[in-house]
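Have a look at the structure below, then the notes.
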Amino acid sequence: MSGELQAETRAVHSATNTDQQHGAVMPPIVLSSTFSFAGFNQPRAYDYTRTANPTRDALATAIADLEGGAGATVTASGMAAITLACQVLDPGDLVIAPVDCYGGTYRMLTRLAARGLFRLRFIDQADEAQLREAGRESARLLWVETPTNPLLRIIDLARMRTLADACGALLAVDNTFLSPVLQRPLDFGADLVIHSTTKYLNGHSDVIGGAVVARSAALHEEMAGWANVLGLSGAPFDSFLVLRGLRTLFVRMRQSEANAAALAAALQASPAVARVFYPGLPEHPGHAIARRQQQGFGGMLSFELKGGEAAARQVVERLRLFTLGVSLGGVESLSCHPATMTHLPLGPEGRKAAGISDGLIRLSAGIEATADLVADLQAALSALV
Ligand code: PLP
C-alpha cells in the first residue's frame with residue numbers, strides 16, 4: 001500500500017485484493033489453528049495460529065500503518081495488550097502510571113506490584129510539581145492515557161516524552177479513547193501504543209480485542225514474541241471483525257465526534273447541568289493541548305448534574321437512545337454512571353480524590369442522527385427542571 005495515500009484510503013484498502021486463489025476482494029478469513037508443512041523440514045510462512053495467522057496479520061498491518069508504527073501485535077483483549085506491554089518489566093523496575101488510569105489497568109498494576117513483579121508509583125500527570133519530582137526517579141515504563149476516563153482530562157504527550165527521557169523509561173500510551181484517527185502518540189515520541197480494539201477500532205460492540213503497536217522493529221519483535229510465549233494472541237475470527245470495523249473507522253469517528261460536540265452544547269444550555277467535560281469546549285482546561293496533539297476532540301464526554309445521584313438516576317432512566325452500560329466507542333450511544341459502575345471500586349473517598357461525583361454521567365456518542373440524540377438528552381434533562 002502506497003504511503004502517499006491518505007489514512008482513510010489506506011484503512012479501506014489495507015489487505016484487499018491479496019487473495020491469489022479466488023480473487024476475493026476482501027481478505028478471506030483463515031481460521032485454521034495449524035498449517036501443513038510443505039514437506040519434511042519445510043515450514044511455510046505460517047505453522048500455528050498462536051504464533052502467527054494470516055487474518056490476524058492483516059489486522060496488525062492495518063493498525064500499525066494507521067498508528068505509524070514498525071509493527072502491531074493483536075491480542076485477545078485490551079487487558080491482554082496491557083499485560084503484553086508490561087513484559088518489558090523486570091523485578092524491581094519502576095512503573096509510573098496516572099492516578100486516574102482505566103480501572104482494569106489500575107487493578108492489574110496494583111495487584112502485580114503487590115506480588116513484587118515490579119514497583120509502582122501513581123502520579124497526577126497534569127500536575128507539574130509531581131512531574132518534576134517523578135523526573136528524579138529511574139523508571140522502566142511510563143504509562144499514559146489521554147483523554148482520561150471519565151473526566152476527559154488531557155495529558156501533554158510531549159511533556160510525557162520529556163518525563164520518560166528524564167527517568168530513562170519507555171513511554172506507553174493507551175490510545176483507546178481517540179484511535180489513530182484523532183491522535184497518533186508515536187508522532188509525539190511514544191515507544192508503545194496500546195488499544196482496546198473492543199472500542200472504536202472495532203466499533204460495533206461485538207468483539208473483545210486489543211493491540212500493541214511498537215515504534216521500533218526490535219520492540220515489536222519483543223512484543224510479538226511474548227504474545228506467542230504467553231498465549232495472548234487475538235483470535236482470527238475476532239481479527240476479521242475488527243479489520244472490517246476498521247474500514248469505517250474514519251467516518252464513524254467523525255460522526256461520533258459531531259454528535260459529542262452537539263451533546264456538549266445541549267448540556268451547556270441546560271440549567272440542570274453544573275459542569276460539562278468535553279475537550280472540544282474552549283473553556284476545557286486541556287483544550288489548547290488537545291488542539292496541539294489531537295486531530296479532533298472525540299466522541300466521549302461527561303457532565304455533572306446539580307441534583308447529584310438522584311438526578312443522575314432520573315436522567316439515565318429517562319434516556320431512550322443511550323443504553324446504560326459500560327464500554328464505549330460503538331456505533332450505538334451509551335450512558336454510564338461512573339460512581340455505581342466503572343468507578344465503584346474506588347470507594348467514596350477514592351472517587352472524591354479523583355473528582356468523580358455521584359452526579360456525574362459519562363456518554364459515549366454513537367453515530368445516530370445528531371438531532372435524535374440531542375432531543376433524547378434534552379427530554380431526559382427536562383424532567384429535572
Ligand atoms: N484501556 C482503556 C482506556 C479502556 O477503556 C479499556 C476497557 O474499557 C481497556 C483498556 C481494557 O480493554 P478490554 O476491555 O478490551 O480488555
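Each ligand, and each atom within it, is numbered from 1 in the order the structure gives. As the structure is a computational prediction, the values presented were derived from the model and not from experiment. Along the sequence shown, the residues carry numbers beginning at 1.
The single protein non-hydrogen atom nearest to atom 11 (C) of ligand 1 is Y102 CE2, 3.5 Å, given as residue, atom name and distance. The protein atom (non-hydrogen) at minimum distance from atom 10 (C) of ligand 1 is D174 OD2, 3.5 Å. Protein heavy atom nearest atom 13 (P) of ligand 1, with residue, atom name and distance: G78 N, 3.4 Å. Here the protein heavy atom with the shortest distance to atom 15 (O) of ligand 1 is T198 OG1, 2.6 Å.
A salt bridge does not link E8 to R247: none of the charged nitrogens lies less than 4.0 Å from a carboxylate oxygen. Using a 4.0 Å cut-off between charged side-chain N and carboxylate O, R313 and E309 make no salt bridge. The pair R292-D156 counts as a salt bridge, with a side-chain nitrogen and a carboxylate oxygen less than 4.0 angstrom apart. Remark: D100 engages R153 in a salt bridge, criterion side-chain N to carboxylate O under 4.0 Å.
Applying side-chain contact (heavy atoms from CB on, under 4.5 Å) to V213 and the options N175, L186, L192 leaves one that passes, L186.
At a 3.5 angstrom cut-off on N or O pairs, E145 does not count as close to ligand 1. Between M79 and ligand 1, an N or O atom pair is found at a separation short of 3.5 Å. Between T105 and ligand 1, no pair of N/O atoms sits closer than 3.5 Å. The N/O atoms of I82, backbone and side chain alike, include none that comes under 3.5 Å of an N/O atom in ligand 1.
Not less than 6.0 angstrom separates the ring centroid of Y200 from the ring centroid of H195.
Between K199 and ligand 1 there is a heavy-atom distance shorter than 4.0 Å.
Using a 30° and 60° split on the angle between ring planes, F122 and Y106 fall in the parallel class, below 30°.
For ligand 1, the atoms lying closer than 4.0 Å to a non-hydrogen atom of G209 are 15 (O).
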